[in-house]
Novice: 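I have a structure here, written as structure tokens, and I will follow up with some questions on it.
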Amino acid sequence: MTRIVHPKAASATSPFSAKQLTGAVILALSAACAPAAMADVINFDHLDSQFVGHGDALEIGKFLLTGASNVAGANYGDLVGAVFDGKDPDACGMACPTNNTSNYYASLNDGIVYLDPLNPGGSVSLQGFDASFIGYAQGITYPAVAGLLRVQGFYADGSSLYETYQLGGPVGGSFQFQRYNTSASFGSQQFASLAFFGFTCNTAGSCNAFTTNKGQFALDNIVASVPEPSTYAMLLLGLAGIGFAARRRQQA
């Protein structure tokens, strides 16, 4: 909860000093120029259909999307994902979603997807995404919750925060992309890195990750943001100007 403190009104007998005035202006400027983050929609329409191996990275705008294996001793290039053309859902060779006619990213073989800011040392936040479970074969009965998608955000100090989303089973015989929005508390966080990974669930409701190579999912239209460096520059320039003006008043 934000605590609001109301300042006392200035009077002839208790005026603000130049230092107090400068401090008040700095606080106001800091609030007005707090680092803003313009959200971007990450999609894969500009990419050709391709397989993604362990360690392969896709540069998309301000972001870097990297496929990774959770298997100890994984080799560079081991299959962990692919970019598929949604206009041809059968081309993936599995039970892939059918309600997306654009390209999307498929995480395969229990693969992990890392989303990082393109510039090292930056941060990233996540507001939402489209996702679907990917079945390992056609013609198999899947439960109403076919899998789970966990999104884990890592801070620079190594601590983390995560949210988990249910991925539905087939609708009308086919898996479907659905829209997922992060909670307000998660979406407001600035992480050093984000990781997406999947669980597969059985009809008894038991869900497992990294044990079956069946924790597969599709991602598209990821809404994410990074702080705008220009905002930091504006804030620093504003503070420098205020300091200069305060010194001029004191000299006068």
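One is the number of the first residue; the rest follow in order along the sequence.
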Novice: Between Asn43 and Asn103, does any side-chain donor sit less than 3.5 Å from a side-chain acceptor?
Specialist: no
Novice: To the closest 0.5 Å, what do you measure between CZ (Phe177) and CG (Asp220)?
Specialist: 5.5 Å
Novice: Quick check on the hydrophobic clustering: are Phe129 and Phe84 connected, directly or via other members, by side-chain heavy-atom contacts under 4.5 Å?
Specialist: no
Novice: So, Asp157 side chain and Ser159 main chain: donor-acceptor pair closer than 3.5 Å or not?
Specialist: yes
Novice: Find out whether Ser174 and Pro97 are in side-chain contact, i.e. whether some heavy atom of one side chain is under 4.5 Å from a heavy atom of the other.
Specialist: no
Novice: Report yes if some heavy atom in the side chain of Phe154 is under 4.5 Å from a heavy atom in the side chain of Phe191; otherwise report no.
Specialist: no
Novice: Holding to side chain to side chain donor-acceptor pair (under 3.5 Å), I want the full list of residues that pass it with Tyr180, two or more places apart in sequence or in another chain.
Specialist: Gln178
Novice: I'd like to check Val151 versus Leu126 (side-chain heavy atoms, cut-off strictly below 4.5 Å). Are they in contact?
Specialist: yes
Novice: Let me confirm one number: the CG-OG distance from Leu161 to Ser185, rounded to the nearest 0.5 Å.
Specialist: 7.0 Å
Novice: For Val41, which fellow cluster members are found when Ile, Leu, Val, Met, Phe, Trp and Tyr are connected by side-chain heavy-atom distances below 4.5 angstrom, either directly or through intermediates?
Specialist: Val223
Novice: Looking at side-chain heavy atoms only, is the closest gap between Met38 and Ser225 below 4.5 Å?
Specialist: no
Novice: Quick check: closest heavy atoms across Val226 and Pro117, and the distance to 0.1 Å?
Specialist: CG1-CB, 4.2 Å
Novice: For the hydrophobic clusters of this structure (ILVMFWY residues joined by side-chain heavy atoms under 4.5 Å, transitively), does one cluster hold both Leu115 and Val83?
Specialist: yes
Novice: Is there a chain of hydrophobic side chains (I, L, V, M, F, W, Y, each step under 4.5 Å between heavy atoms) that links Tyr105 to Leu194?
Specialist: yes
Novice: Same cluster or not: are Phe217 and Leu108 linked, directly or through other Ile, Leu, Val, Met, Phe, Trp or Tyr residues, by side-chain heavy atoms under 4.5 angstrom apart?
Specialist: no
Novice: Any chance you could measure Asp85, atom CG, to Ser49, atom OG, to the nearest 0.5 Å?
Specialist: 5.0 Å
Novice: Shortest non-hydrogen contact from Asp45 to Ser102?
Specialist: OD1-CB, 3.1 Å
Novice: What I want to check is whether the side chains of Gln189 and Ser125 have a donor and an acceptor closer together than 3.5 Å.
Specialist: no
Novice: Between Gln127 and Asn181, is any pair of side-chain heavy atoms under 4.5 Å apart?
Specialist: no
Novice: Within a strict 4.5 Å, meaning less than it, do heavy atoms of the Tyr104 and Leu219 side chains meet?
Specialist: no
Novice: For residues Ser132 and Gln176, determine if any side-chain heavy atom of one lies less than 4.5 Å from a side-chain heavy atom of the other.
Specialist: no
Novice: Measure across Cys96 and Ile134 and return the closest heavy-atom pair with its distance rounded to 0.1 Å.
Specialist: SG-CG2, 3.9 Å
Novice: I need the minimum non-hydrogen distance between Pro89 and Thr98, along with the two atoms involved.
Specialist: CB-CG2, 4.1 Å
Novice: State yes or no: do Phe196 and Leu79 share one hydrophobic cluster built from I, L, V, M, F, W and Y residues joined by side-chain heavy-atom distances below 4.5 Å, directly or via other members?
Specialist: no
Novice: Apply side chain to side chain donor-acceptor pair (under 3.5 Å) to Asn221 and Asp130, showing your working.
Specialist: CA-CA 6 Å; Asn221 298 321; Asp130 294 342; 2.7 Å; yes
Novice: Kindly determine whether Ile60 and His46 satisfy side-chain contact (heavy atoms from CB on, under 4.5 Å), including the steps that lead there.
Specialist: CA-CA 9 Å; Ile60 306 175; His46 66 292; 3.9 Å; yes
Novice: Is it the case that the side chain of His54 and the backbone of Ser69 share a donor-acceptor pair, with hydrogens and angles ignored and the cut-off at 3.5 Å?
Specialist: yes
Novice: Got a sec, which residues hit salt bridge (charged side-chain N to carboxylate O under 4.0 Å, His left out) with Asp56, two or more places apart in sequence or on another chain?
Specialist: none
Novice: Would you list the pairs meeting side chain to side chain donor-acceptor pair (under 3.5 Å) in which at least one residue belongs to residues 161-172, sequence neighbours left out?
Specialist: Arg150-Thr164, Glu163-Tyr165, Glu163-Ser183
Novice: Is a side-chain N or O of Thr182 found less than 3.5 angstrom from the main chain of Phe186, in a donor-acceptor match?
Specialist: no
Novice: If you apply the rule side-chain contact (heavy atoms from CB on, under 4.5 Å), what do you find for Asn70 with Asp110, and how did you get there?
Specialist: CA-CA 7 Å; Asn70 190 59; Asp110 288 344; 5.9 Å; no
Novice: Please name the pair of heavy atoms, one in Gly111 and one in Ser107, separated by the smallest distance, quoted to 0.1 Å.
Specialist: O-OG, 2.9 Å
Novice: What verdict does the side-chain contact (heavy atoms from CB on, under 4.5 Å) test give for Asp40 and Lys62, after you've listed the backbone C-alpha separation in whole Å, the side-chain angles of each residue and the deciding distance to 0.1 Å?
Specialist: CA-CA 8 Å; Asp40 291 279; Lys62 303 174 185 176; 3.4 Å; yes
Novice: If you look at every heavy atom in Pro227 and Gln190, which pair is closest and at what distance?
Specialist: CD-OE1, 3.6 Å
Novice: Would you call Leu58 and Leu65 a side-chain contact if the rule is heavy atoms closer than 4.5 Å?
Specialist: yes
Novice: Taking side chain to side chain donor-acceptor pair (under 3.5 Å) as the cut-off, I'd like each qualifying pair that reaches into residues 191-218, sequence neighbours left out, listed once.
Specialist: Asp116-Ser193
Novice: What orientation do Tyr142 and Phe175 show, parallel under 30°, tilted 30 to 60°, or perpendicular over 60°?
Specialist: perpendicular
Novice: Could you list who else is in Phe210's hydrophobic cluster, with ILVMFWY side chains joined at under 4.5 Å, directly or through other members?
Specialist: Ile112, Tyr114, Val145, Leu148, Phe197, Phe199
